[in-house]
Structure formats: structure tokens, C-alpha cells
Protein chains: 2
Amino acid sequence: MVVPGLDVEKNGMTISPQIDPRIQRTRTVVLSHTYDLLVKEGFGGVSVDEVSRRSGVAKTTIYRHWPTRTRLLLDACSQLGVAAEFTSSGSFETDIRSHLLNVSERLTTSGWAKVLPSILDAGEREPDVAAVQKALQQIWAGQVAQIVEAATDRGEIDARADVKNAAALVLGPLYYRRWFSREPTDPAFIEQVAVAVCTVMVAPSA
Amino acid sequence: MVVPGLDVEKNGMTISPQIDPRIQRTRTVVLSHTYDLLVKEGFGGVSVDEVSRRSGVAKTTIYRHWPTRTRLLLDACSQLGVAAEFTSSGSFETDIRSHLLNVSERLTTSGWAKVLPSILDAGEREPDVAAVQKALQQIWAGQVAQIVEAATDRGEIDARADVKNAAALVLGPLYYRRWFSREPTDPAFIEQVAVAVCTVMVAPSA
DNA sequence: AGGCTACAGTACGGTACTGTAGCGTTTATC
DNA sequence: GATAAACGCTACAGTACCGTACTGTAGCCT
């Protein structure tokens, strides 16, 4: 978002003064309610009118901050990706297992799990949405990549294994369960996925 | 669909006379155009008005055949699942490989690949849609199950392997590539998925 | 031939949404 | 305290959609 009149030219250098608290408040309140509605109704179910009703912020004010409905939604979507800190346990297998559990739980609890199909859908037709989805996707795939990289540094990874496919092998089955077959993930399933991933990725040394 | 006045009570037994060709025509034409629009615009992008415009069938006529927009869409969705004939090659590994290739190609070419996210999205909120999605899902998972069953009969499958998870391991990575990471599937990727599935499922006999 | 049925066309009522215009009011900020 | 910016409110134009009522026409079936 570009807020005109915020950056001020002064003495030859642009300084950013304190943001007007009214602007600050409007932006956070509107984005927060947009996010809630997004989770509840999906990408196509969010209207500016409804956001205005729920947030108590006038529709005209919303349009003063975001030029169009889509831009507001994209802004709200950007807050979905939360990059978590990663520290390896020292074992690829352990890292994968814990990551599988981690993702599996977030798939059942977190809000974005409900929204994502609508984002995928919109991304099939609107390039802007596809771009945001791609950014989010890279965050999540990046977490898997971190695990693989750490293991590669330790020499755990099979040289023949294609690292770029790891994310698909790890996340694919989980996503499948959540959105396609709609079955809950039990520990036995997680275990089988972990075994499948490790047999493909880990070097057959010791 | 129930078409009132079609089944006739006669001599104590219900007979189904020839279907009025006008009805036949309307149903096929409307469903066909609904399907096209569905593929192009997604579940949420189909309006009865637009179907009427494209098909040349009056909107009132459409409402005579389908009581509501959703029912029309569900009817059109039901035509997505095409059960193919399956004959095993005699080897689990070969069957899996060819199925992976088969699905992978249909994911890039066929129409339903574009529609599915919108169906998933609608299914998150509307139970009717979720039911149709589940039916389609079971068809596709069933194809994997057939492969596993044939291999089980030949004693190829590891007794410890959980057969119910096979579909997730096979289809999950492919779906991930198509809808989440939007990367094309290359042969090397297919191969890696095949290896992962087989090492988990196949009995370590020979 | 005649009746019945499906159909086309038009016109609605009602709702919801996007985005804009104008005007008065509050509230930071200097 | 003054000024300018941000805000709320109402109203509006324009569009699109769902689902229905009504009138007249074309086509099927016996």
C-alpha cells in the first residue's frame, strides 16, 4: 500500500514522520475484519460493504485506503504467511517428522486452511491473486527446503535425490488429506509419509 | 433430476415412455453450456443468466428443469468423473508409473483441473457441494485402490503398509504440483514419486 | 386433428455489490 | 487555537444476479 502524503521531502532527504494514528487504526481494523471475513466466507465471499458493516469503518474510508476490493483482499492475504524460526534437531528424519506434525496440525486449526481453496480458485483466473499465492507457497515450501539444506550440510541427503521435489513429497499427501479427501490425518499416516520421504531423500550410507 | 410427469402409471406398473425430445435437448444443451462455463469461470462464476444467454435456452425453461442454480451446477459437476477401465500390467511398479503419467497428463489438459479449486472452495461451506466432491474424489482414489488390490492379490504388497494411504501418496504430490506450486511435472519428478510409493508399499521379499 | 406440453420472450421484484460524489464532523498536528 | 487531513454519513449510478409471473408460440404424441 502506498499512502500518498506520508513520506515528506525535507532538507533533501525523505523522512517518514509518525503515522497519523487515525490512519493506523483504520488500516489495522479494516484488515483485521477483512481477514476474519476471508477465513469465514472465502475469497469470493468478501464484500467491501460487509467489511464496512463489521468494522464500523465507512465504505468511503475503505476506498480511500485501498483503490479496489481486490487490492484490499490481497493485502489481507499477505498476512497469512508466517515465517517460523527453524532450528534443526540434527537429524533429517526427526526434522521431517516434526514438520509433518506441525503442518498437519496447522491444517486442521489455522484459518488459512479454509481460505486457500478460494485463493487457488481465484488464482486460476486472476494473475494478481496467483502472484500472492505463489509468494505464500514459497514460504511454506521454503520451510521444507530449510530442513533439506541443513541435512545436506550434514551429508545426510542422497546425491541422486532431487531436492526441489521434497516439498511436493512432504506437503502433497498432507494437503491431499485436508482438501481433497477430507480425511483427518492419524499418526500412522504421518509415519508412512515420513518413511516415504526419507527412503527417497536420505543417502543409503550407514 | 426428477422430471415430473415423466413416469406414467399404467396397468399397475410404472413405465418410462420415450422421453420428449424437447426435454432431452434442453437438458443436454443446458448441461453442456453449464459445463463449459464452469470450466472457464469456476463454480462461483456461473450464473443462470449467462447459461441462458449462451445456450439460447430461456432462463424460465432452465428453472423448469433445475429448481435452483446450485442444483444445476451440481448436475454439471457430476459429469466430471469418468471411470476408466483398468487392467493390470501384472506389476505394481509398472501400474503406478503409468497411472502417475496418466493423471499427470489429465491434470494439465482436462477441464476439471481448472474447476476443482472452486469446487473445493464451495465444499468448504456448502454440504451439497462437499458431497459431490466426495463422490468424485472416491472415483479417483478408487483407481489407485484398484491398482493396490490387484497387487495385493499377487502378494506384492507389504502387509505392514496401510493401503488406505496409497491414494494420498500417489495423488498428493501430483495435485500439489498442479494447484499449489503450479510447477509442471517432469519425468524425473514422476519417477521420484513412483519410487517413494513403491518403497513404502511393496513387500521387501526378493 | 386436436390437445397437451415444453418452450421463448419479456418483464418484473427484490437483493446485493462496486465505486463515486458531496458535505459536514472529528481529530491530529503545528 | 488554527489548519489540514482523515473520517462518517447519505445518497447515488450502474451493474448483476436469483427466481417468478405471464403471454403467446412451436412442437410432440395419440
Side-chain angles (χ1 to χ4, degrees), chain A residues 1-8 10 15-31 33-34 37-38 41-76 118 122 126 128, chain B residues 1-8 10-11 15-31 33-34 37-38 41-76 122 126 128:
Chain A
M1 270 302 302
V2 176
V3 181
L6 243 182
D7 292 337
V8 176
K10 203 175 207 177
I15 61 173
S16 293
Q18 286 295 79
I19 293 179
D20 190 324
R22 294 173 293 180
I23 295 178
Q24 188 84 324
R25 181 188 170 277
T26 295
R27 284 174 49 74
T28 56
V29 168
V30 169
L31 277 182
H33 281 88
T34 302
L37 204 54
L38 190 59
E41 303 293 339
F43 201 89
V46 178
S47 73
V48 180
D49 275 315
E50 186 61 27
V51 172
S52 169
R53 269 189 290 271
R54 296 198 176 201
S55 63
V57 175
K59 192 169 64 161
T60 46
T61 300
I62 297 178
Y63 275 105
R64 262 178 222 120
H65 285 261
W66 293 272
T68 177
R69 166 184 172 274
T70 305
R71 292 284 283 273
L72 169 61
L73 281 175
L74 292 181
D75 224 5
S118 65
E126 299 173 40
D128 293 347
Chain B
M1 271 301 303
V2 176
V3 181
L6 242 181
D7 292 337
V8 176
K10 202 174 206 177
N11 299 339
I15 60 174
S16 294
Q18 286 297 80
I19 293 180
D20 191 323
R22 294 171 296 180
I23 295 179
Q24 188 84 325
R25 180 189 170 278
T26 295
R27 284 175 50 74
T28 57
V29 168
V30 170
L31 277 182
H33 281 88
T34 302
L37 203 55
L38 191 59
E41 303 292 340
F43 201 91
V46 178
S47 73
V48 180
D49 276 312
E50 186 61 28
V51 171
S52 169
R53 268 188 291 271
R54 297 198 175 201
S55 63
V57 174
K59 193 167 65 160
T60 46
T61 301
I62 297 178
Y63 275 105
R64 241 174 247 125
H65 285 262
W66 293 271
T68 178
R69 166 185 173 274
T70 305
R71 291 284 283 272
L72 169 61
L73 282 175
L74 292 181
D75 224 4
E126 299 171 39
D128 293 346

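Note that the structure is a prediction, hence the values are computed from the model and not measured. Here is how names work: the chains are called A, B, and so on, in the same order as the sequence lines, proteins then strands, and each is numbered from 1.
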*Please examine the side chains of A/Val48 and A/Trp66, heavy atoms only from C-beta on, and report whether any two atoms are closer than 4.5 Å.*
no
Quick one: [X] [atom1] to [N] [atom2], roughly how many Å, whole number?
X	N	atom1	atom2	result
B/Trp66	C/dC7	CH2	P	9 Å
A/Gln24	D/dC7	CD	C1'	16 Å
A/Ile62	D/dC7	CD1	P	11 Å
B/His65	C/dT5	NE2	C1'	11 Å
B/Leu72	D/dC18	CG	C1'	13 Å
A/Asp20	D/dA4	CG	P	15 Å
A/Ile23	C/dT29	CD1	C1'	12 Å

*Picking from B/Val30, B/Val29, B/Ile23, what satisfies side chain to side chain contact (heavy atoms under 4.5 Å, CB included) with B/Arg27?*
B/Ile23
*Pick from A/Thr68, A/Thr34, A/Asp128, A/Val51: which one makes a side chain to side chain contact (heavy atoms under 4.5 Å, CB included) with A/Leu73?*
A/Thr34
What distance do [X] atom [atom1] and [Y] atom [atom2] have between them, rounded to the nearest 0.5 Å?
X	Y	atom1	atom2	answer
A/Asp49	A/Arg54	CG	CZ	12.5 Å
A/Tyr63	A/Arg71	OH	CZ	13.0 Å
B/Thr26	B/Ile62	OG1	CD1	9.0 Å

*Mind listing the closest non-hydrogen atom pair of A/Ser52 and A/Ala58 along with its distance?*
OG-C, 3.8 Å
*Looking only at heavy atoms, which two atoms of A/Leu37 and A/Glu50 are closest? And how far apart?*
CD2-CG, 3.4 Å
*Axis bend over the full length of the helix from C/dA1-D/dT30 to C/dC30-D/dG1, computed from five pairs that close each end, to 10 degrees*: 30°
*Side chain of B/Arg22 (C-beta onward), nearest among C/dT27, C/dA8, D/dC28*: D/dC28
*Member of A/His65, A/Lys59, A/Arg64 meeting the side chain to side chain donor-acceptor pair (under 3.5 Å) criterion with A/Thr61*: A/Arg64
*Assign a letter to each nucleotide of nucleotides 12-20 of chain C from its 5' end: B, base within under 4.0 Å of a protein heavy atom; S, sugar-phosphate only; -, no contact.*
-----SBBB
*Answer with base, sugar-phosphate or nothing: what part of the nucleic acid does B/Gly44 contact at a heavy-atom distance below 4.0 Å?*
nothing
